[in-house]
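Inspection log for the structure reproduced underneath, given as structure tokens.
In what follows, chains are A, B, ... by sequence order, proteins preceding strands, each numbered from 1. Since the model is a prediction, treat every value here as computed from it, not as a measurement.
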Amino acid sequence: MSAPRVRFAPSPTGYLHVGNARTALFNWLFARNQGGVFVLRIEDTDEERSQSSLVEAIIGGLSWLGMDADEGPYYQSARTDRYAEVVEQLWSAGHLYACDCTREEVLARTRDNPIPGYDGHCRDRALERGPTTALRFRTPETGTTVVHDIIRGDVEFPHSAMEDFVCVKSSGQPLFVLANAVDDRDSAISHVIRGDDLLPTTPKGILLWEALDGADPVRLPAFAHLPQVVNEQRKKLSKRRDQVAVEYYRDKGFLAEAFRNYLALLGWSPPGGREKVDLQTMIDEFRLEDIHHASAFFDVKKLTHLNGEYIRDLSTAAFVEAAGPWVSPDRVTAGWAPPTGAPPWPAERFDEQVFASVAPSVQGRVSLLSEVPAMVDFLFLAEPVIDEGAWTTRVFGDPLARRILEAVTRAYEDSEWHRETIQAVTRAAVESVGTNLSKGQAPIRIAVTGRSVGPPLFEPLELLGRAEVLERLQRALAKLDAG
RNA sequence: GGCCCCAUCGUCUAGUGGCCAAGGACACCACCCUCUCAAGGUGGAGACACGGGUUCGAAUCCCGUUGGGGCUGCCA
């Protein structure tokens with residue numbers, strides 16, 4: 001048996017969304033596992049809704065996730081001649097008939113029918129083809145089409161419940177089912193792996209496929225219909241209600257590796273109870289047969305946790321590199337910058353050395369790269385941005401705060417300026433006013449960093465320098481005086 | 001309404017007739033660690049939708065019910 005050929009065939013009517021990305025990933029993993037070929041096809045037969053700029057977004061999303069196509073992209077819009085040829089073939093073989101019914105007319109006629117859908121009104125009218133006639137497929141009246149699905153087994157569709165569906169618009173453009181079948185035939189696709197929302201249209205595609213066969217049959221691909229990725233309401237992901245663009249997650253500071261790993265977990269699980277697995281393991285272990293049947297909720301919390309694990313696994317150098325676009329305008333790579341814009345400090349105040357030295361303690365505290373700037377901004381801002389809520393409760397509202405700030409100010413003036421000694425003198429100072437380091441560090445932290453939470457305090461203090469720290473303490477004292 | 005798919009902790013899942021008084025992960029709670037916050041460690045709570053079969057034995061097989069979802073477009 002020759003190498004499998006699979007395809008990812010998005011329609012460029014929106015950005016790459018997470019459900020499609022998962023479909024692409026499963027196709028890609030299957031191809032890699034089998035030594036097969038991953039084809040990208042752009043299904044842009046609907047000119048009204050397709051936009052070429054979105055094609056770039058889709059390719060960009062795939063590329064971010066490391067899934068570059070082995071072949072393509074092929075554009076259906078470039079194959080109109082081929083489709084026209086196929087339509088002629090089908091028409092002359094009698095599989096198609098012209099229909100001039102409008103949707104309103106069909107609806108009016110079939111409103112009370114027990115079986116919904118088109119009623120076959122034009123089936124025997126022998127209408128000529130014209131600019132106002134769509135072409136419908138003459139579905140057999142009896143019999144059954146069975147879809148052999150790798151994931152779900154055999155699924156039967158009785159023809160009696162299938163309408164004569166339109167496969168060519170009155171404009172002459174083919175509809176999805178037809179273009180899809182023609183392309184899968186022409187590019188020798190061996191496995192069709194797609195969302196199970198397409199399962200009900202699969203028998204139509206098979207009927208078309210068989211009609212196209214004529215005297216020269218082409219082997220039907222194997223099908224694998226993936227469970228849907230759904231939102232919290234268990235509904236198909238919607239562009240309106242849900243955060244569905246892969247781009248959004250990249251912009252939020254998710255690592256491609258973590259995102260890809262999470263996507264793989266939606267409907268598939270690596271053997272051995274592991275969840276966090278590297279790419280090669282995914283490729284080696286991936287089996288279509290192991291995919292779940294039930295739909296899966298896209299859980300951002302779990303994704304975020306996984307991302308945190310991936311961030312913590314990075315070497316410090318790799319973390320500094322990954323955080324680059326978020327902390328330094330100079331580090332924007334591959335033509336992409338976080339949409340949040342420039343970091344909140346002026347470029348000239350950013351110090352790569354300083355960032356690199358606090359990076360390890362930041363790395364363990366963030367789940368998203370976008371959280372990095374807030375962790376280190378006090379190091380690069382001329383003045384820290386004071387969190388007023390924290391100030392009110394932990395400084396203004398703490399009767400000991402003034403004495404703590406005064407005590408450390410005195411202690412810092414002539415202390416050796418090294419993180420351990422700073423910690424030691426700070427401990428001594430806060431204990432001298434009757435509290436402990438755990439409670440006493442709060443006013444200091446807020447005075448210097450502006451926040452009540454953040455990385456361990458004493459290394460940043462060292463990095464900031466004695467003069468700057470004393471100045472910030474003075475400003476805090478003055479703010480306290482001002483009430 | 002018709003056709004189709006699906007059904008294990010709140011969520012993602014392990015499980016393919018005995019190893020399951022159902023395991024892991026996220027989230028949640030408690031404790032430990034600790035300069036804050038995280039991370040980490042330990043522990044806790046938490047599920048086989050329901051009803052019938054089949055079988056010595058069922059989360060696993062069959063039927064039904066209920067519930068959820070998809071499709072039902074001259075969208076894909």
Side-chain angles (χ1 to χ4, degrees), chain A residues 9-13 43-46 48-50 99 101-103 106 112-118 132-136 147 149 151-152 155-158 160-163 165-177 179-180 194-203 225 227-228 230 232-236 262 265-269 271-276 292-306 308-309 312 361-367 371 375 390 394 422-423 426-427 430 436-442 444-446 449 451-458:
Chain A
S11 170
T13 56
E43 306 219 327
D44 53 354
T45 49
D46 185 0
E48 283 176 24
R49 301 204 310 154
S50 298
C99 169
C101 299
T102 64
R103 178 155 173 74
V106 176
D112 301 320
N113 282 13
I115 297 172
Y118 185 66
T132 58
T133 58
L135 264 31
R136 289 184 180 271
V147 178
D149 191 280
I151 298 172
R152 288 161 213 284
V155 183
E156 296 184 7
F157 294 87
S160 57
M162 287 167 62
E163 62 179 332
F165 54 93
V166 173
C167 49
V168 183
K169 299 183 201 181
S170 47
S171 68
Q173 287 289 108
L175 245 11
F176 156 77
V177 249
N180 202 264
R194 46 155 51 156
D196 73 1
D197 49 339
L198 260 16
L199 186 51
T201 76
T202 302
H225 286 95
Q228 296 274 299
V230 298
E232 209 148 10
Q233 287 76 45
R234 299 252 126 217
K235 296 246 174 30
K236 212 171 154 175
Y262 180 69
L265 261 21
L266 258 19
W268 177 73
S269 61
R274 291 164 303 164
E275 292 196 326
K276 184 160 154 290
H292 288 260
H293 295 190
S295 55
F297 167 57
F298 185 82
D299 185 354
V300 179
K301 282 193 178 139
K302 184 154 183 169
L303 203 210
T304 304
H305 174 87
L306 225 209
E309 287 193 52
R312 272 172 257 127
S361 55
V362 172
Q363 192 177 350
R365 286 178 166 70
V366 295
S367 301
E371 293 165 357
M375 283 270 167
R394 309 300 298 275
I422 298 170
Q423 175 164 354
T426 304
R427 184 187 298 275
V430 298
N436 57 31
L437 191 54
S438 177
K439 294 196 185 93
Q441 56 84 38
I444 308 168
R445 179 183 292 277
I446 293 164
T449 75
R451 295 188 173 81
S452 58
V453 300
L457 191 53
F458 304 107

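- Comparing the P positions of B:C37 and B:G44 gives an interatomic distance of 25 Å, to the nearest angstrom.
- Rounded to whole angstrom, the span from the CG atom of A:Leu306 across to the C1' atom of B:U13 amounts to 13 Å.
- Within 4.0 Å of A:Arg152, counting heavy atoms only, lie sugar-phosphate atoms of the nucleic acid but no base atom.
- The CZ atom of A:Phe157 lies 8.0 Å from the CE atom of A:Met162; values are rounded to the nearest 0.5 Å.
- B:G67 and B:C6 make up a base pair, with Watson-Crick or G-U wobble contacts both under 3.5 Å.
- For A:Lys276, the salt bridge (Lys or Arg N to Asp or Glu O under 4.0 Å) partners are A:Asp313, not counting sequence neighbours.
- At a threshold of 4.0 angstrom between heavy atoms, the contacts of A:Gly440 with the nucleic acid are absent.
- As judged by a 4.0 angstrom heavy-atom cut-off over every strand, A:Ala442 is placed among residues making no nucleic acid contact.
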Seminar exercise, completed: Whether each nucleotide of nucleotides 66-76 of chain B has a protein heavy atom under 4.0 Å at its base (B), only at its sugar-phosphate (S) or at neither (-) is summarised, 5' to 3', as --SSBSSSBBB

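- With rounding to whole Å, A:Trp268 atom CH2 is found 11 Å from B:A14 atom P.
- Applying the side-chain contact (heavy atoms from CB on, under 4.5 Å) test to A:Glu232 and every residue at least two apart in sequence or in another chain returns A:Phe297.
- Figure legend. B:C20 is base-paired to no nucleotide; pairs are counted as Watson-Crick or G-U wobble with both atom distances under 3.5 Å.
- A 6.0 Å sphere centred on CZ of A:Arg152 holds more than 12 heavy atoms belonging to other residues, nucleotides or ligands.
- Pair check for B:A47 finds none; no Watson-Crick or G-U wobble contact set falls under 3.5 Å.
- The base-pairing partner of B:A14, taking Watson-Crick or G-U wobble contacts with both distances under 3.5 Å, does not exist among the strands shown.
- A search for side-chain contact (heavy atoms from CB on, under 4.5 Å) contacts involving A:Ala9 returns A:Arg7, A:Arg41, A:Glu43, not counting sequence neighbours.
- Residues A:Glu371 and A:Arg365 approach most closely at OE1-O, 4.3 Å, considering heavy atoms.
- Nucleotides B:G23 and B:U34 have their C1' atoms positioned 32 Å apart, rounded to a whole Å.
- A close approach under 4.0 Å does occur between a side-chain nitrogen or oxygen of A:His292 and OP1 or OP2 of B:A14.
- B:C75 makes up no base pair with any nucleotide shown, lacking Watson-Crick or G-U wobble contacts both under 3.5 Å.
- With a 3.5 Å ceiling on both atom-pair distances, B:U34 lacks any Watson-Crick or G-U wobble partner.
- Nucleotides B:A22 and B:G10 place their P atoms 15 Å apart, quoted to the nearest Å.
- Taking atom CD of residue A:Glu371 and atom C1' of nucleotide B:A39, one finds them 13 Å apart after rounding to whole Å.
- For the C1' atoms, the distance linking B:A47 with B:U60 amounts to 15 Å, nearest Å.
- A:Arg312 comes within 4.0 angstrom of sugar-phosphate atoms only, judged by non-hydrogen atoms across all strands, and of no base.
- Nucleotide B:U55 has no partner under the Watson-Crick or G-U criteria, as no pair reaches both atom distances under 3.5 Å.
- Counting non-hydrogen atoms of neighbouring residues, nucleotides and ligands closer than 6.0 angstrom, the NZ atom of A:Lys439 reaches no more than 12 such neighbours.
- Using atom P as the reference point in both B:U42 and B:G24, the two lie 12 Å apart (nearest Å).
- Along RNA chain B, the nucleotide nearest to A:Leu199 and the one nearest to A:Ser269 differ in position, and the one closer to the 5' end is contacted by A:Leu199.
- In this structure, the side-chain hydrogen bond (donor to acceptor under 3.5 Å, both in side chains) partners of A:Asp44, at least two apart in sequence or on a different chain, are A:Ser77.
- For the atom pair NE2 (A:His225) and CD1 (A:Ile151), the distance works out to 9.0 Å, reported to the nearest 0.5 Å.
- Nucleotides B:C26 and B:A21 have their P atoms positioned 25 Å apart, rounded to a whole Å.
- Distance A:Phe297 CZ to B:C12 P: 8 Å, rounded to the nearest Å.
- As judged by a 4.0 angstrom heavy-atom cut-off over every strand, A:Glu232 is placed among residues making no nucleic acid contact.
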For this session: Classify every nucleotide of nucleotides 21-38 of chain B by which part a protein heavy atom approaches to under 4.0 Å, writing B for the base, S for the sugar-phosphate alone and - for neither, in 5'-to-3' order.
Result: ---BBSS-------BBBB

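- To the nearest 0.5 Å, the span separating CG on A:Leu457 from CD1 on A:Ile422 amounts to 8.5 Å.
- Atom-to-atom distance recorded for A:Glu275:CD and A:His305:NE2 is 8.5 Å, nearest 0.5 angstrom.
- One P atom belongs to B:C6, the other to B:A14, and the distance between them is 15 Å to the nearest Å.
- Separating the C1' atom of B:G68 from that of B:U11 is a span of 16 Å, rounded to the nearest Å.
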